[in-house]
Undergrad: 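Supplied in structure tokens, the structure appears directly below.
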Amino acid sequence: MELYQLTAEKLSELLEKKECSSVELTQSVLDRIKAKDGEIGAYLTVCEEEALKKAAEVDEKREKGESLSALAGIPMGIKDNICTRGIRTTCASRILENFVPPYDAFVMEKLNAKDAVILGKLNMDEFAMGSSTENSYFQKTHNPWNTQCVPGGSSGGSAASVASGEAIVSLGSDTGGSIRQPAAYCGIVGLKPTYSSVSRYGLVAFASSLDQIGPMGRSVKDVAMLYSAICGRDPHDATSALREYPDFAAGIKKDVKGLRIGIPKEYFGEGVAEDVKAAVWNVAKTLEKEGAVLVDVSLPSTDYALSAYYIIASAEASSNLARFDGVKYGYRAKEYKNLTEMYENTRSEGFGAEVKRRIMLGTYVLSSGYYDAYYKKAKFTQIRIQEEFCKAFESCDLLLTPTTPETAFKLGERMDDQVKMYMNDILTVTVNIAGLPGLSVPCGLDKKGLPVGCQLIGPKFSEQTLFNAASVWETSLGGFDLSATLA
């Protein structure tokens with residue numbers, strides 16, 4: 001096998017035993033990017049020279065016998081809304097096309113301290129607003145399983161790069177499903193962590209109360225390794241939790257005996273494809289055979305979650321994106337007569353259609369006379385959803401659901417039907433609304449040969465339980481099969 005085809009766990013072992021070097025590994029992945037990315041379109045910026053330099057530094061440290069982390073020398077890609085000092089960070093938007101941050105996001109500081117090799121920045125829906133990675137100003141990203149299909153979004157570049165061998169692991173961000181949904185579409189593992197467990201410092205804000213950076217990889221252990229590297233308290237982020245985190249990868253126990261798994265009926269209703277239901281039920285039955293106990297639960301407010309999410313997220317987006325006005329940094333319109341016109345022209349030319357749509361919706365629901373009718377009710381719905389999850393977890397340890405109602409759809413198929421596009425997030429937004437962790441893992445293929453994802457949801461800070469359960473399923477399959485996309 002080629003080095004780019006292996007998991008981070010296996011590569012970490014090979015590097016430790018000096019059976020390959022980080023330079024050899026990094027070159028293997030860079031060669032894969034050159035060969036494949038013209039077809040996939042995962043990267044917006046590739047840092048070849050910097051990546052090879054970092055890989056050589058790691059090899060030198062290893063030769064000297066220095067103690068290195070499990071991620072030392074592992075090549076990875078970073079979603080382009082996470083600030084990287086000296087490396088262009090665009091949010092896939094014209095308004096930030098040439099923005100080069102003077103600082104690193106907290107997660108980047110942690111990864112640099114672990115000696116990870118950063119390959120470059122990955123494509124996304126503009127400002128993380130979308131479910132297909134078709135809203136990027138620069139290019140569309142294609143699904144490695146079928147390049148006529150979308151990879152999901154907004155972290156489509158992050159998912160596609162891992163699935164196609166153009167990165168070993170990657171970082172994405174998840175506001176309403178933007179890690180889990182593309183992970184499901186591309187047949188990989190993706191974690192939306194507990195809100196506050198990973199610092200948002202340096203993540204370009206979409207909806208601050210919902211956004212969360214998270215890891216994506218080809219195996220449960222790969223994701224656990226990367227999550228352990230990025231979680232933790234950050235004094236720059238007042239919302240980050242002050243608590244100790246274990247080594248999640250080392251702590252994985254492939255045992256679900258006595259684990260109570262809730263099956264929420266609302267997640268298996270109308271609109272969920274039969275192929276998807278069958279694949280997820282197969283996971284449930286497999287875990288039951290391994291000793292888990294299946295429990296029927298209900299989350300009655302699920303039907304209102306999508307509406308509440310888009311009101312809350314758009315309201316916060318309208319506030320957060322007000323800073324992009326052409327004054328201090330980013331794109332500025334060339335033609336204007338006064339300051340007001342400069343603002344108007346800059347934002348009209350700099351933002352894409354989907355970003356404008358959400359800014360206008362957010363401004364509307366926050367405006368005088370509509371705040372109580374929309375935003376306030378959405379926040380009440382958020383509280384009700386949180387309470388329903390708390391009640392559900394009284395009778396179960398985690399929940400098992402489909403990640404998405406359907407598998408990946410064709411490029412361009414839903415660009416003219418925004419409601420249908422938004423419905424892709426109907427099974428994932430509740431996790432963000434409640435601040436819970438959610439893990440998407442592959443659970444089979446549909447009749448078209450496209451990946452199906454199942455979602456494990458747990459109480460706050462229950463990531464270890466999610467990893468344990470997912471590992472039992474992964475072991476039963478003999479590992480998640482990406483041979484079709486890594487060839």
Side-chain angles (χ1 to χ4, degrees), residues 1-63 68 70-80 84 86-88 111-112 114-124 133 138-147 151 155-172 186-188 216-219 222 225-226 480-487:
M1 293 181 73
E2 299 291 338
L3 291 175
Y4 70 79
Q5 296 174 306
L6 303 176
T7 63
E9 178 188 9
K10 180 62 177 177
L11 289 166
S12 185
E13 292 174 4
L14 294 178
L15 290 168
E16 181 66 24
K17 294 175 183 177
K18 298 182 181 179
E19 293 181 14
C20 77
S21 70
S22 181
V23 169
E24 290 172 336
L25 169 57
T26 302
Q27 190 63 62
S28 174
V29 181
L30 287 169
D31 289 345
R32 178 68 171 177
I33 293 171
K34 291 175 184 176
K36 199 73 177 174
D37 204 52
E39 178 185 6
I40 302 299
Y43 281 88
L44 293 178
T45 303
V46 177
C47 306
E48 180 175 4
E49 184 179 338
E50 296 89 339
L52 289 171
K53 181 180 178 182
K54 179 65 177 180
E57 291 174 2
V58 175
D59 287 338
E60 187 176 342
K61 288 183 179 181
R62 188 165 271 116
E63 285 298 319
L68 296 172
L71 288 175
I74 301 294
M76 62 183 68
I78 308 297
K79 188 175 180 178
D80 206 24
T84 42
I87 302 173
R88 193 173 66 132
L111 289 176
N112 290 333
K114 297 287 185 183
D115 286 314
V117 174
I118 308 305
L119 296 166
K121 306 301 288 294
L122 297 161
N123 196 27
M124 55 184 283
T133 314
F138 301 100
Q139 64 194 33
K140 290 178 173 61
T141 299
H142 301 254
N143 191 317
W145 288 83
N146 181 340
T147 54
S155 305
S158 299
S161 67
V162 172
S164 63
E166 297 180 63
I168 305 303
V169 290
S170 67
L171 285 186
C186 292
I188 65 169
M216 307 175 82
R218 296 175 200 155
S219 73
D222 282 9
M225 287 168 60
L226 186 49
F480 299 129
D481 185 10
L482 281 169
S483 56
T485 62
L486 293 177

Undergrad: Does Met124 reach the side chain of Thr141, with side-chain heavy atoms less than 4.5 Å apart?
TA: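 They are not in side-chain contact.
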
Undergrad: Taking the side chain as everything from C-beta on, heavy atoms only, tell me whether Val162 gets closer than 4.5 Å to Cys186.
TA: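 Not in contact.
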
Undergrad: Nearest 0.5 Å, please: how far is CD1 in Ile118 from OG in Ser170?
TA: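 One finds 11.0 Å between OG of Ser170 and CD1 of Ile118.
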
Undergrad: In the structure I gave you, are the side-chain heavy atoms of Leu71 and Leu226 within less than 4.5 Å of one another anywhere?
TA: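 Yes, at least one pair of side-chain atoms sits under 4.5 Å.
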
Undergrad: Write down the atom of Gly73, the atom of Val58, and the distance for their closest heavy-atom approach.
TA: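 For Gly73 versus Val58, the nearest heavy atoms are N-CG1, 3.7 Å.
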
Undergrad: Under a 4.5 Å cut-off applied to non-hydrogen side-chain atoms, are Asp59 and Glu63 in contact?
TA: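 Asp59 vs Glu63: side chains apart.
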
Undergrad: Could you pull out the closest heavy-atom pair between Ala72 and Leu68, with the gap in Å?
TA: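 Shortest heavy-atom contact: CB-CB, 3.8 Å.
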
Undergrad: Please name the residue in the list Leu6, Leu11, Thr7 that meets the side-chain contact (heavy atoms from CB on, under 4.5 Å) test with Ile168.
TA: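 Answer after filtering Leu6, Leu11, Thr7: Leu11.
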
Undergrad: Just verifying a value: how many Å separate Glu39 CD and Thr147 OG1, rounded to the nearest 0.5 Å?
TA: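 Reported value, rounded in 0.5 Å steps: 5.0 Å.
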
Undergrad: Rounded to the nearest 0.5 Å, what separation is found between the CG atom of Leu52 and the SG atom of Cys47?
TA: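 Here the rounded value is 11.0 Å.
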
Undergrad: Should the pair Glu48-Lys34 be classified as a salt bridge under the 4.0 Å nitrogen-to-oxygen rule?
TA: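 Salt bridge: yes.
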
Undergrad: For the backbone of Gly157 and the side chain of Ser161, can you confirm whether one donor and one acceptor N or O come within less than 3.5 Å of each other?
TA: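 Looks like yes, one N/O pair under 3.5 Å.
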
Undergrad: As a quick check of understanding, evaluate side chain to side chain contact (heavy atoms under 4.5 Å, CB included) for Thr133 and His142, giving each step before the final call.
TA: CA-CA 8 Å; Thr133 314; His142 301 254; over 6 Å; no

Undergrad: Does Asp222 reach the main-chain N or O of Ala8 with its side chain, forming a donor-acceptor pair under 3.5 Å?
TA: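 Pair found, side chain donor or acceptor close to backbone of Ala8.
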
Undergrad: Would you say Ser158 and Lys79 are linked by a side-chain donor-acceptor pair, where the criterion is simply a distance under 3.5 Å?
TA: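 Side-chain D/A pair, Lys79 to Ser158: absent.
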
Undergrad: Answer yes or no: is there a side-chain heavy-atom contact under 4.5 Å between Leu119 and Tyr43?
TA: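 With C-beta onward as the side chain, the pair touches.
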
Undergrad: Mind checking whether Asn123 and Asp80 have side chains closer than 4.5 Å, heavy atoms only?
TA: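 They are not in contact (no side-chain heavy atoms under 4.5 Å apart), so the answer is no.
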
Undergrad: Could you tell me whether a side-chain N or O of Ser12 sits under 3.5 Å from a main-chain N or O of Ala70, the two making a donor and an acceptor?
TA: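 Yes, because the side chain of Ser12 sits within donor-acceptor range (under 3.5 Å) of the backbone of Ala70.
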
Undergrad: For the residue pair Met76 and Leu111, establish whether any side-chain heavy-atom pair is separated by less than 4.5 Å.
TA: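 They are in contact (side-chain heavy atoms under 4.5 Å apart), so the answer is yes.
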
Undergrad: Going by atom types alone, do Ser164 and Glu166 pair a side-chain donor with an acceptor below 3.5 Å?
TA: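 Looking only at side-chain atoms, Glu166 and Ser164 do form a donor-acceptor pair, the distance falling under 3.5 Å.
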
Undergrad: Determine the minimum heavy-atom distance between Trp145 and Ala484, stating which atoms define it.
TA: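 Taking Trp145 first and Ala484 second, the nearest heavy atoms are CZ3-CB, 3.9 Å.
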
Undergrad: Can you tell if the side chain of Lys18 reaches within under 4.5 Å of the side chain of Arg62, non-hydrogen atoms only?
TA: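 They are in contact (side-chain heavy atoms under 4.5 Å apart), so the answer is yes.
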
Undergrad: Is there a side chain to side chain contact (heavy atoms under 4.5 Å, CB included) between Thr485 and Asn143? Walk through the geometry before answering.
TA: CA-CA 9 Å; Thr485 62; Asn143 191 317; 5.9 Å; no

Undergrad: Do other residues, nucleotides or ligands put more than 12 heavy atoms under 6.0 Å from the CD atom of Glu19?
TA: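 Result for CD/Glu19: enclosed.
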
Undergrad: Taking 4.0 angstrom as the limit, do Lys53 and Glu50 come out as a salt bridge?
TA: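 So Lys53 does not pair with Glu50 through a salt bridge.
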
Undergrad: Using side chain to side chain contact (heavy atoms under 4.5 Å, CB included), reason through Gln139 and Leu44 one step at a time and then give a plain yes or no.
TA: CA-CA 8 Å; Gln139 64 194 33; Leu44 293 178; 3.9 Å; yes

Undergrad: Would you sort out whether Thr26 and Val23 count as a side chain to side chain contact (heavy atoms under 4.5 Å, CB included), showing the intermediate values?
TA: CA-CA 5 Å; Thr26 302; Val23 169; 5.8 Å; no

Undergrad: What are the two closest non-hydrogen atoms of Arg32 and Gly165, and how far apart are they?
TA: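 Result for this residue pair: CG-O, 3.2 Å.
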
Undergrad: To check you understand the geometry: which heavy-atom pair defines the closest contact between Asp37 and Ala42, and what is its length?
TA: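 Smallest interatomic distance, heavy atoms only, reads OD1-N, 2.7 Å.
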
Undergrad: Calculate, to the nearest 0.5 Å, the distance between atoms CG and CG belonging to Leu25 and Leu15 respectively.
TA: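 One gets 6.0 Å once the value is rounded to the nearest 0.5 Å.
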
Undergrad: To the nearest 0.5 Å, what is the distance between OG (Ser21) and CD (Gln27)?
TA: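 If we round to the nearest 0.5 Å, Ser21:OG and Gln27:CD are 10.0 Å apart.
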
Undergrad: Would you give the length of the straight line joining atom OG1 of Thr84 to atom NZ of Lys121, rounded to the nearest 0.5 angstrom?
TA: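 That separation rounds to 3.0 Å.
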
Undergrad: Over all heavy atoms of both residues, which pair between Tyr4 and Arg218 is shortest? Give the atoms and the distance, please.
TA: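 Shortest heavy-atom contact: O-NH1, 2.8 Å.
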
